[in-house]
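Take a look at the structure below.
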There are 2 protein chains.
Amino acid sequence: MLDHTDLLIIEELSKNSRITMKELGEKVHLTGQATAARVAKLEDSGVIEGYTIKINQEKLGYVIHAMINIITQSTYHEPFLSYIQSQKEYVINNYKISGDSCYLLECKFPSNEVLDEFLVGLSKHVNYKLSIVIKK
Amino acid sequence: MLDHTDLLIIEELSKNSRITMKELGEKVHLTGQATAARVAKLEDSGVIEGYTIKINQEKLGYVIHAMINIITQSTYHEPFLSYIQSQKEYVINNYKISGDSCYLLECKFPSNEVLDEFLVGLSKHVNYKLSIVIKK
DNA sequence: CGATTTTGCTTGATTAATGAAAGGAGTTAA
DNA sequence: TTAACTCCTTTCATTAATCAAGCAAAATCG
């Protein structure tokens, strides 16, 4: 399915997805055309899901990075899910997980005040346990 | 510092970082050249940290997505840190966090066997609590 | 086995994007 | 008022992407 060249392409695109097909081709010893064809195949097969950027959230004002474990009391999760949908400016990821918690929210906030507001709203629907990310 | 156009540019590049500057310019009502200049500025200021791809890890064979809470018994974290360094094929992120745990590992594994091996090695250095990601 | 199709690449021509230079409009400050 | 600066546009030369053949090795199949 995937050969060594494909893995190299994935690695290089992970490092810099705006590289030209010509340059990428030089790295994997192919022409730009052949490289573009391989990349198109990786897109079609779903291995490459998209092209995006790494953003420095702190420079955008989101200085708090939090992990919030969610423990739902009721089996009816809808109110919680629609709450975080309404707050998606702050939600980076929402993982449904096994273990002590039902969900793990990865969030970003511009201040403790906003974090507090978020938690006040959150506590109307679920119990939670808050962890602050100190370092990545 | 950042105006509305910059935020639009960031949003569009998040959705598709391989868009041409010309097309991106059309979306934000600027010429390709002016857009490229703004993007270069966002790079220089560190707001845009890099360009990357979204990869379907399952299609690469990593079918298990795990969150592992780490509780260190000793204050000497070095053995743990060098262990996960040696296992970085499986480690997506390592967050140092506040709360019950000291670290939160986000990992991927191709099978339960490999996960088990990882945990056997891990348990030589720290205590852990395993959560499996069911859905994102 | 041998003919045909498919796959994966290269080359070459065309089209589109990028980069550099020049210049104009608006802002700030001496 | 003038000078310096910012941010944009236009133009043009350069470079890359795309499209269409063409070719050879590998796979498929009667």
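Proteins get letters first, then strands, A, B, ... in listed order; numbering begins at 1 in each.
- As rounded to whole Å, 19 Å separates atom C1' of D/dT10 from atom CE of B/Met21.
- In terms of phosphate contacts, A/Arg38 brings no side-chain nitrogen or oxygen within less than 4.0 Å of OP1 or OP2 of C/dT7.
- Comparing B/Glu23 and A/Gly32, the nucleotide of DNA chain C nearest to each residue sits closer to the 5' end for A/Gly32.
- Distances from the side chain of B/Lys22 to the nucleotides C/dT10, D/dT9, C/dA17 place C/dA17 closest.
- With C/dC9, C/dA17, D/dA17 as the choices, the nucleotide that has an atom nearest any side-chain atom of A/Thr20 turns out to be D/dA17.
- In this structure, B/His29 atom NE2 and D/dT9 atom P are separated by 12 Å, rounded to whole Å.
- Note: CD (A/Glu26) to P (D/dT15) measures 13 Å, nearest angstrom.
- Side chains of A/Tyr95 and B/His65: a donor-acceptor N/O pair is absent below 3.5 angstrom, by distance only.
- At distances below 3.5 Å, not a single donor-acceptor pair connects side-chain atoms of A/Ser101 with backbone N or O atoms of A/Ile71.
- Ring centroid separation for the pair A/Tyr128 and A/Tyr103 does not come in under the 6.0 Å cut-off.
- Distance B/Met1 CE to D/dT6 P: 14 Å, rounded to the nearest Å.
- Per the geometry, CG belonging to B/Asp44 stands 14 Å off P belonging to D/dT6, to the nearest Å.
- The side chain of B/Gln33 has C/dT18 as its nearest neighbour among C/dC9, D/dA17, C/dT18.
- Comparing A/Leu30 and A/Arg18 by the nucleotide of DNA chain C that holds the closest heavy atom to each, the one mapping nearer the 5' end is A/Leu30.
- Distance CG (B/Asp3) to P (D/dT6): 16 Å, rounded to an integer number of Å.
- Applying the 4.0 Å criterion to OP1 and OP2 of C/dT10, one finds that A/Thr31 has a side-chain N or O inside that range.
- Side chain of B/Ser45 to main chain of B/Leu42: a donor-acceptor pair is present (N/O by atom type, distance under 3.5 Å, no hydrogens or angles).
- For the pair A/Glu43 CD and D/dA17 P, the interatomic distance rounds to 13 Å; values are reported in whole Å.
- Using a distance-only test at 3.5 Å, with no hydrogens or angles considered, a donor-acceptor pair links the side chain of A/Arg18 to the main chain of B/Ile19.
- Atoms CG (A/Leu42) and C1' (C/dG8) sit 14 Å apart, rounded to a whole Å.
- Put simply, B/Lys41 has no side-chain N or O that comes within less than 4.0 Å of OP1 or OP2 on D/dT6.
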